[in-house]
Each structure stands twice: as structure tokens, then as C-alpha cells.
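Values below: all heavy atoms of this structure, side chains included; hydrogens, waters and symmetry mates excluded.
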Amino acid sequence: MAKKWEKDLRQDKVDEKTIKQLIEDSHERFISSPVIIVVFIDMSEMQKYPDEKRNNYEKVMAIQSASAAIQNLILLAHAFGLGSNWRCAPLFAQEEVKEVLKVNLSWEPIAAVSIGYPEEVPQAPGRKSVDEVVIWDEEH
């Protein structure tokens, strides 16, 4: 993934110093994790339709299902006192991930979840109030 990302960053004309720092930081986060779970979807298992619109909806449903599973995994890890980090890097290097992990060609990597014992437990971030994120329609 790092080699693919480095190539993409160069193509985006990011300066070499920044590329080096980004790659080193990302590499360190991955290799310092005792467990990394790569999450895939498999569209060959989904319903097939004659039109692209509904097939795209099937992909959205597959991603939603995988995302719900990832969230449950993260909550379970937390319940056991483990830290986790959900990363979407595999989306940007799908072929490389499939090749390295030697998985079925129809599988699409969509995320990687790092799990381990945290060195520290950070303060929970602030949350917006319900009124900031919900629209109440009292007329209907």
C-alpha cells in the first residue's frame, strides 16, 4: 500500500519531504499494531440487476453491511479494553492488498482495522448537540 500511495503522491506533485513523512508515519502506525483485520466485500455474493443503478445500490448495501460489522468489531474491542483504528487505506491500493494477502479476486478490500492495547486512553472528543445534527419536522 505504501508503494502505491507514494506513487499517487508523486503523481499529485506532493513534495518529497512530505511524501517521506506521510509514508513513514503511516508505515509506523501499521507495523506497530499487533493485529490488523482487513475487511472485504464480495459483490459476486450480491443480487444482480440488469441496470447499473440498482447494482450500485447493492454495492452501497455491501459497504454499509461491512461498515456495521467494523463498528461492532471496534465496540467489542473497546469492551475488552483494546484500542482500535479504522483505516480506509486498502481502498486506494486494492490490487496490491489482494495480491499480498492472496485472496479471491472478486473480494474488494474496503478497510483495515488495527487492534491492540493502547499506550494511553485519549479524552473523548466533544459531540454536537442533537439539535445541531437532526432536523425536526413537527408539522408532519
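Atom-to-atom distance recorded for L76:CG and L82:CG is 8.5 Å, nearest 0.5 angstrom. Atoms SG and CD1, from C88 and I110 in turn, are 7.5 Å apart once rounded to the nearest 0.5 Å. Rounding to the nearest 0.5 Å gives a distance of 10.5 Å between CE of M43 and CD of E45. If you take CG on L9 and CG on L22, they are separated by 6.0 Å, rounding to the nearest 0.5 Å.
Within a 6.0 Å sphere centred on CG of L75, other residues, nucleotides and ligands contribute more than 12 heavy atoms. Within 6.0 Å of CZ on F92 lie no more than 12 heavy atoms contributed by other residues, nucleotides or ligands.
With sequence neighbours excluded, no residue satisfies side-chain contact (heavy atoms from CB on, under 4.5 Å) with K13. Qualifying side-chain contact (heavy atoms from CB on, under 4.5 Å) partners for E28, counting only residues two or more places apart in sequence or in other chains: I31, S32. Every residue was checked against the ring-ring contact (aromatic ring centres under 6.0 Å, His included) condition with W5, not counting sequence neighbours, and none meets it. Considering only residues two or more places apart in sequence or on other chains, E16 meets the side-chain contact (heavy atoms from CB on, under 4.5 Å) condition with R10, I19. In this view, D42 satisfies the salt bridge (charged side-chain N to carboxylate O under 4.0 Å, His left out) rule with no residue, not counting sequence neighbours. For S65, the side-chain contact (heavy atoms from CB on, under 4.5 Å) criterion is met by no residue, not counting sequence neighbours.
Sorted by first and then second residue, the salt bridge (charged side-chain N to carboxylate O under 4.0 Å, His left out) pairs with a member in residues 50-64 read D51-R54, K59-E108; sequence neighbours excluded. Residue pairs meeting the salt bridge (charged side-chain N to carboxylate O under 4.0 Å, His left out) criterion with at least one partner in residues 68-77, sequence neighbours excluded, are absent. Residue pairs satisfying the side-chain hydrogen bond (donor to acceptor under 3.5 Å, both in side chains) criterion with at least one member in residues 68-92, sequence neighbours excluded, are listed as follows: R87-S114. Every pair tested for salt bridge (charged side-chain N to carboxylate O under 4.0 Å, His left out) that includes a residue from residues 110-132 fails, sequence neighbours excluded, so the list is empty. Applying the salt bridge (charged side-chain N to carboxylate O under 4.0 Å, His left out) rule to pairs touching residues 90-101 yields E95-K98, sequence neighbours excluded. The list of ring-ring contact (aromatic ring centres under 6.0 Å, His included) pairs with a residue in residues 98-117, not counting sequence neighbours, reads F40-W107.
Taking both residues in full, the closest heavy atoms of P34 and G116 are given as CG-CA, 3.7 Å, listed atom of the first, atom of the second, then distance. Between V130 and W136, the shortest heavy-atom distance links the atoms CG1-CZ2, 3.7 Å.
For T18 (side chain) and V14 (main-chain N/O), no donor-acceptor pair under 3.5 Å exists by modelled atom type. Remark: side-chain polar atoms of N104 are paired, donor with acceptor, to backbone N or O of S106 under 3.5 angstrom. K48 places a side-chain N or O within 3.5 Å of a backbone atom of M46 that can act as its donor or acceptor partner.
A salt bridge between R29 and D25 is absent, with no side-chain N of the basic residue lying under 4.0 Å from a carboxylate O of the acidic one.
Each of L101 and V35 belongs to its own hydrophobic cluster when Ile, Leu, Val, Met, Phe, Trp and Tyr are linked at side-chain heavy-atom distances under 4.5 angstrom. When hydrophobic clusters are built by joining Ile, Leu, Val, Met, Phe, Trp and Tyr residues whose side-chain heavy atoms come closer than 4.5 Å, directly or via intermediates, I70 is not grouped with V103. Both I74 and V39 belong to a common hydrophobic cluster when Ile, Leu, Val, Met, Phe, Trp and Tyr are linked at side-chain heavy-atom distances under 4.5 angstrom.
Side-chain contact between L91 and Q94 is present, with at least one heavy-atom pair separated by less than 4.5 Å.
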Please determine whether side chain to side chain contact (heavy atoms under 4.5 Å, CB included) holds for the pair V113 and L73, giving the CA-CA distance in whole Å, both sets of side-chain angles, and the decisive distance to 0.1 Å.
CA-CA 9 Å; V113 180; L73 173 68; 4.2 Å; yes

